[in-house]
Amino acid sequence: MSLLSEALKRLLSNEQPLNASDFTKSQRKELEQFALDTRLIEVKKQGNGVVYRLIDRQNISNYVRQLHPLDDELLLSLLPKRSRNIGTDLDSKRGQSGHDSFYLLMKAWDSDVVWQCGDNTMKPSELTERLGVVAMQVSANNAWFCNRPLLLVENQALFDRCDWLPDEFNGCLVYYAGQLSDIVLKWFSEQKRANDVILFPDYDGIGLANYARLAATIHPSSTLHFYWFTDWENKLPVYGNAEVWSKTRVQFENAMQKLDNMNALNTDLIKLGQLSQRCGKALEQEAIWL
């Protein structure tokens with residue numbers, strides 16, 4: 001809700017004029033501009049202060065209702081967040097707009113890969129063979145655990161075509177579309193989801209930022225790994241992108257600092273930082289096929 005709307009609602013809820021001290025400095029500025037534009041509010045000096053008085057209560061009430069059609073708290077509490085935002089502010093993204101669930105897409109080929117949640121069991125290899133992909137709803141406080149490593153990839157090309165995977169990989173391949181959502185990070189923090197979680201991001205600022213975020217939140221019973229593909233050190237100078245590096249350099253440096261503060265830097269990450277700085281380039285995942 002806007003500053004002006006909040007101030008107008010406060011005036012509407014009182015039969016008597018209100019003092020300037022009842023409002024924030026920003027609200028007073030909005031009210032005074034509204035008074036000049038509409039002549040529906042009187043701004044009047046009284047003693048050493050200023051008071052605000054409604055001149056036309058009905059028109060102001062209609063104005064507020066146009067901006068915020070719904071104010072039935074019981075009804076609003078039953079609506080999804082974004083519907084509630086439209087009902088109150090005509091904007092789905094105003095206020096709390098995040099979703100309560102996220103959907104992980106995954107693939108597995110080894111029949112021994114099993115997800116367990118209480119008495120519920122899911123074998124992703126069977127579903128991958130039948131449907132090509134498996135979807136799992138991720139939400140707070142569920143207890144799903146995988147008995148094999150989870151390998152998370154940032155770009156869809158590596159999820160669609162999996163011939164880059166090592167022959168010995170026997171875990172679950174997971175796609176996360178560029179950014180790890182806060183829901184997924186919270187889910188990984190609540191309990192151990194797998195003994196080993198491997199993140200394969202682009203070797204740029206966004207990728208390093210995601211790795212740092214996951215390193216800071218993952219449950220201590222899980223071990224987090226950064227995925228290094230063969231010959232990446234030689235591919236970065238040749239196939240790296242200077243524009244991507246320039247756009248994400250600050251994120252890269254901030255992420256490296258956060259990892260250093262967590263004692264989560266290893267020799268390979270230090271080498272990546274030094275090589276990226278020296279070449280002024282960032283390497284994207286798809287270079288794995290080159």
Contact check, side chains of [X] and [Y], non-hydrogen atoms, under 4.5 Å:
X	Y	answer
Gln251	Thr248	yes
Leu152	Leu180	yes
Thr223	Asn195	no
Trp144	Val138	no

Please check if any side-chain donor atom of [X] sits under 3.5 Å from a side-chain acceptor atom of [Y], or the reverse.
X	Y	result
Gln277	Glu253	yes
Gln16	Arg53	no
Asn62	Gln66	no

Residues in side chain to side chain donor-acceptor pair (under 3.5 Å) contact with Lys44, at least two apart in sequence or another chain: none
Give a yes or no answer on whether the side chain of [X] reaches the backbone of [Y] with a donor-acceptor pair at less than 3.5 Å.
X	Y	result
Ser276	Gly273	no
Asp204	Gly207	yes
Lys192	Phe145	no
Asn147	Val113	no

Pairs involving residues 224-246, ordered by first then second residue, that meet salt bridge (Lys or Arg N to Asp or Glu O under 4.0 Å) (sequence neighbours left out): Glu233-Lys271, Glu243-Lys247
Derivation of the salt bridge (Lys or Arg N to Asp or Glu O under 4.0 Å) call for Arg28 and Glu32: CA-CA 6 Å; Arg28 292 196 295 269; Glu32 287 161 15; 5.5 Å; no
Show the nearest heavy-atom pair for residues [X] and [Y], with the distance to one decimal.
X	Y	value
Met106	Met136	CE-CB, 4.0 Å
Asn142	Gln137	ND2-O, 3.5 Å
Ser139	Trp187	O-CD1, 3.6 Å
Arg193	Phe188	CG-CD2, 3.8 Å

Candidate list Trp228, Tyr239, Phe252, test ring pair (Phe, Tyr, Trp, His ring centres under 6.0 Å), partner Tyr203, passing option: Trp228
All pairs passing ring-ring contact (aromatic ring centres under 6.0 Å, His included) where residues 22-51 contributes a residue, at least two apart: Phe23-Tyr52, Phe34-Tyr63
Test log, rule side-chain hydrogen bond (donor to acceptor under 3.5 Å, both in side chains), inputs Asp163 and Trp289: CA-CA 9 Å; Asp163 56 355; Trp289 282 294; 2.8 Å; yes
Step-by-step salt bridge (Lys or Arg N to Asp or Glu O under 4.0 Å) determination, Arg10 to Glu6: CA-CA 6 Å; Arg10 182 173 296 178; Glu6 290 176 352; over 6 Å; no
Salt bridge (Lys or Arg N to Asp or Glu O under 4.0 Å) evaluation trace for Asp56 with Arg39: CA-CA 9 Å; Asp56 191 332; Arg39 305 297 180 182; over 6 Å; no
